[in-house]
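Heads up, the thing below is written out as structure tokens.
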4 protein chains.
Amino acid sequence: MKRDKPKFKQIIDAAVVVIAEKGYHQAQVSKIAKQAGVADGTIYLYFKNKEDILISLFEEKMGQFVEKIRNKMARKESAVDQLYVLVENHFLMLSEDQHLAIVTQLELRQSNKDIRLKINKVLKEYLLLVDEVLHSGVESGDFSEDLDIRLARQMVFGTIDEVATTWVINEQKYDINKLAPGVHSLIAKGLRP
Amino acid sequence: MKRDKPKFKQIIDAAVVVIAEKGYHQAQVSKIAKQAGVADGTIYLYFKNKEDILISLFEEKMGQFVEKIRNKMARKESAVDQLYVLVENHFLMLSEDQHLAIVTQLELRQSNKDIRLKINKVLKEYLLLVDEVLHSGVESGDFSEDLDIRLARQMVFGTIDEVATTWVINEQKYDINKLAPGVHSLIAKGLRP
Amino acid sequence: MKRDKPKFKQIIDAAVVVIAEKGYHQAQVSKIAKQAGVADGTIYLYFKNKEDILISLFEEKMGQFVEKIRNKMARKESAVDQLYVLVENHFLMLSEDQHLAIVTQLELRQSNKDIRLKINKVLKEYLLLVDEVLHSGVESGDFSEDLDIRLARQMVFGTIDEVATTWVINEQKYDINKLAPGVHSLIAKGLRP
Amino acid sequence: MKRDKPKFKQIIDAAVVVIAEKGYHQAQVSKIAKQAGVADGTIYLYFKNKEDILISLFEEKMGQFVEKIRNKMARKESAVDQLYVLVENHFLMLSEDQHLAIVTQLELRQSNKDIRLKINKVLKEYLLLVDEVLHSGVESGDFSEDLDIRLARQMVFGTIDEVATTWVINEQKYDINKLAPGVHSLIAKGLRP
DNA sequence: GATGAATGAGGCTTCATTCAT
DNA sequence: AATGAATGAAGCCTCATTCAT
């Protein structure tokens, strides 16, 4: 499987660095190849085309992201606590990889519609995770029983995403992890019965 | 003043239509010129460059947007009611101009970092409006006294924006105006003392 | 109409020169543009793509070719004489434009299938001309009454084309016009009753 | 000798199949290797480069072709009969290997000038065969004594080749063997005293 | 003021060939 | 002898912007 070969990850990591440092439109395949330490043509042994690099990048990183959060959330009982884990780790993981934060919050958003549609599919996994917490919260009575799950999910994701994007736009000058309690509080209160 | 000449608005409106219908990356200057009924070169009598069209577009439309909402909000006394006016009219104005909704929620976001930074400056005006409501709500005791205004603003805007974007991605199939009460409720509860 | 603008012909003539001198695979668009004295992009104001240059080239030149020969043939009464005019002028026109001869006999034949199919359509016009002569010859009794027109056409064209190609491969060292009587004699005898 | 090892022929036959089925420009070395059931690198143990495959292909196939026809022609006495054998077997051998017919009549002609020049050298053997028939015909009085051998050869080859090419372009829909008498008649009459 | 023909820089991708195993 | 992963050169086309009319 291509995804398991070292060069696959090597190229994806190179793409993250190049896009973060040079910007989406300045991230030529040749620059990514150079950063990865391979020839231009080698890229195409592992990826169909440039678009495929970006989508794979998102799949790979977002996949780990969702899995990690899912695991950590499983250890908490209450939906409110799970929600805290979600917010906390979302911020934690962005702050652990500054390049990736720039790429996902800013650069990848200027990709064309095709790429964004495929990225959205990957994102669905994350949104499903949010839905699960919301459902379980409604059932346990932690959250309002007439919660519109779809709207609530949009509030949760919209808020977290906006906070993250603002942090990246401000060049990650402050510690986003410190914002987790405040964000969680705003969200959790909105969801309460 | 160029902004007041008929062709200035004519070109901006043409840009909105072309971008909404063809997408950001297919919105060439020549297409905008054709839609506006002027020659390519004429564009450059009214705008410095293509980037300037997009920023002016956002300034023009967002300016009217903020002004209208500000007026309507002024008629309400409580911060909670003002917040409702904000949400309601944000959705109302997007639903009144489907092309503009597509442009601001989807297409303009794939512009490069430079343009997005300048757009963000225009957006500040709107965010200030949110801040005002939040401040007045804190002062009146409607909202929690230890509200982190910055975070709260990000929740308000992030939520509204995410709801709007989701609606546009879903091709405006449902009536976004009907979502205003639910969105307001989620937000307002989050802000409560 | 684009075909009538001076730059259209200018670019086609440049293409003939470049292809003849550098060869089909070395005839980059930028070289053609340089030879034509225009910018690379200007090519694309007159032609859809590189393929379109080649097809237009063939259409333009072959069109004139067929028309001239048709006019000259009209002045002759007997099919045998018309056939002589055909052979004579085919050779004459190739010898008048050495570059074009190289392009049509050698270089254009290494184009891909798509281009060759479109070139074949243009060639049909020429083959129809041959068919007309053959038919009239059969009717007048100059040619055998059980002539298989299709086969006869293939002999006529195959022979003329082979003679022309051989002449070009031999770098046009001898005067191809002098071969017209011999070629005509071989062909005409083959067609006789 | 490399030519006698099984893989040599195996690769050439694979090349014929791939070129016939995918077309000249889609016949990458890797596809030929796959079809031959060897690794890409193995090709280069038997051939200097890709060009060498194509030329060897033509040599190999054309060599057999000429030899077979020469043998069959030897059994006939008169030049006219020998000419019939030539035409008949030329068509017969093309119709016996449809892939090879496509390759020699259509695909190999889009190779670059270098390859085509080398192919022409191989073709010389065949043309010499034609010359021999023509000479013997002139000597025996079957053909005109002032026959221009060079021109006559071009007529013979040009006609046969054009008939064959037309048949391949028409996807070998009809039986080319049935055309041999007609073609022979056209040619032989042209050569007569 | 208005036009629109002309400009020209810039990057993704393919594929013949090599060479360490 | 055989493999196949890795290499890297090379060119078509788009489109924002200019400027002579």
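Keep in mind it's a predicted model, so treat the numbers as computed, not measured. To find a chain, count down the sequence lines: A is the first, B the second, and so on, and within it residues start at 1. We use all heavy atoms of the structure for the numbers below, so side chains are in, but hydrogens, waters and symmetry mates are not.
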Response to the item:
In terms of heavy-atom contacts, D:A27 and D:I19 come closest through CB-CG1, 3.6 Å
Fill in: Pairs flagged by salt bridge (Lys or Arg N to Asp or Glu O under 4.0 Å) wherever residues 8-17 of chain B is involved - sequence neighbours left out
B:K9-B:E60, B:D13-B:K61
Discussion item. Any heavy-atom pair between the side chains of A:V29 and A:Y44 that's under 4.5 Å?
Written reply: yes
Response to the item:
Output for pair (D:I32 CD1, D:Q10 CD), nearest 0.5 Å, gives 13.0 Å
Worksheet item: Out of E:dC15, E:dG11, E:dA6, which has the shortest distance to the side chain of C:Y46?
Response: E:dA6
Worksheet entry | Near-strand residues of residues 6-14 of chain B, defined as heavy-atom separation under 4.0 angstrom from DNA chain E | B:K7
Worksheet item: Atom CZ of A:F47 and atom P of E:dC12: how far apart are they, to the nearest Å?
Response: 15 Å
Worksheet item: Atom CD1 of D:I43 to atom P of F:dA1: distance rounded to whole Å?
Response: 14 Å
Discussion item. On DNA chain E, compare the nucleotides closest to A:Q26 and B:A39; which residue's is nearer the 5' end?
Written reply: B:A39
Worksheet item: For B:H25 and F:dA16, what is the distance between atoms NE2 and P respectively, to the nearest whole Å?
Response: 12 Å
Practice prompt. Taking Watson-Crick and G-U wobble pairs with both distances under 3.5 Å, convert DNA chain E into its dot-bracket string, 5' to 3', dots for unpaired and | for cross-strand pairs.
Written response: .||||||||||||||||||||
Worksheet item: Going by heavy atoms closer than 4.0 Å, what residues in residues 107-118 of chain A are next to DNA chain F?
Response: none
Practice prompt. Could you identify which residues of residues 31-38 of chain A place a heavy atom less than 4.0 Å from some atom of DNA chain F, listed by residue number, or say none?
Written response: A:V38
Worksheet item: Distance from D:I11 atom CD1 to D:I53 atom CD1, nearest 0.5 Å?
Response: 7.0 Å
Counting only pairs under 3.5 Å, give me each side-chain donor-acceptor contact of residues 98-107 of chain A, with atom names and distances, residues two or more places apart or in other chains.
{"from": "A:H99", "atom 1": "NE2", "to": "A:E21", "atom 2": "OE2", "distance (Å)": "3.4"}
{"from": "A:T104", "atom 1": "OG1", "to": "A:L100", "atom 2": "O", "distance (Å)": "3.1"}
{"from": "A:T104", "atom 1": "OG1", "to": "A:A101", "atom 2": "O", "distance (Å)": "3.4"}
{"from": "A:Q105", "atom 1": "NE2", "to": "A:D161", "atom 2": "OD1", "distance (Å)": "3.1"}
{"from": "A:Q105", "atom 1": "NE2", "to": "A:T165", "atom 2": "OG1", "distance (Å)": "2.9"}
{"from": "A:E107", "atom 1": "OE1", "to": "A:Y24", "atom 2": "N", "distance (Å)": "2.9"}
{"from": "A:E107", "atom 1": "OE1", "to": "A:Q110", "atom 2": "NE2", "distance (Å)": "2.8"}
{"from": "A:E107", "atom 1": "OE2", "to": "B:K113", "atom 2": "NZ", "distance (Å)": "2.8"}

Worksheet item: Is there a side chain to side chain contact (heavy atoms under 4.5 Å, CB included) between B:F58 and B:L123 once you walk through the steps?
Response: CA-CA 9 Å; B:F58 204 78; B:L123 208 58; 4.0 Å; yes
Give every pair of a protein N or O atom and an N or O atom of nucleotides 17-21 of chain F that lie under 3.5 Å apart, one pair per line with the distance.
{"from": "F:dT17", "atom 1": "OP2", "to": "B:Y44", "atom 2": "OH", "distance (Å)": "3.0"}
{"from": "F:dT17", "atom 1": "OP2", "to": "B:K50", "atom 2": "N", "distance (Å)": "2.9"}

Worksheet item: How close or far is atom P of F:dG11 from atom CD1 of C:I53, stated in whole angstroms?
Response: 15 Å
Discussion item. Going by ring-ring contact (aromatic ring centres under 6.0 Å, His included), name the residues that satisfy it together with B:F47, two or more places apart in sequence or in a different chain.
Written reply: B:F8
Discussion item. Nearest 0.5 Å, please: how far is CG in C:N49 from CG in C:L54?
Written reply: 9.0 Å
Worksheet entry | Any donor-acceptor pair under 3.5 Å from D:N112 side chain to D:I115 backbone | yes
Discussion item. Without decimals, in angstroms, what is the distance between B:L54 CG and F:dA16 C1'?
Written reply: 12 Å
Worksheet item: What distance do A:S111 atom OG and A:H25 atom NE2 have between them, rounded to the nearest 0.5 Å?
Response: 8.5 Å
Worksheet item: Who are the side-chain contact (heavy atoms from CB on, under 4.5 Å) partners of A:E59, not counting sequence neighbours?
Response: A:R3, A:I55, A:V122
Worksheet item: Please, which pairs that meet salt bridge (Lys or Arg N to Asp or Glu O under 4.0 Å) have at least one residue in residues 28-52 of chain C, sequence neighbours excluded?
Response: C:E51-C:K118
Worksheet item: Whole-Å distance between F:dC15 P and B:Y24 OH?
Response: 13 Å
Discussion item. My understanding is that only residues two or more places apart in sequence, or in another chain, count here; which of them pass side-chain contact (heavy atoms from CB on, under 4.5 Å) with C:F65?
Written reply: C:M62, C:I69, C:H90, C:M93, C:Y126
Worksheet entry | Residue closer to the 5' end of DNA chain F, D:T42 versus C:L45 (nearest nucleotide) | D:T42
Fill in: Min side-chain heavy-atom separation D:I169-C:N120 under 4.5 Å
yes
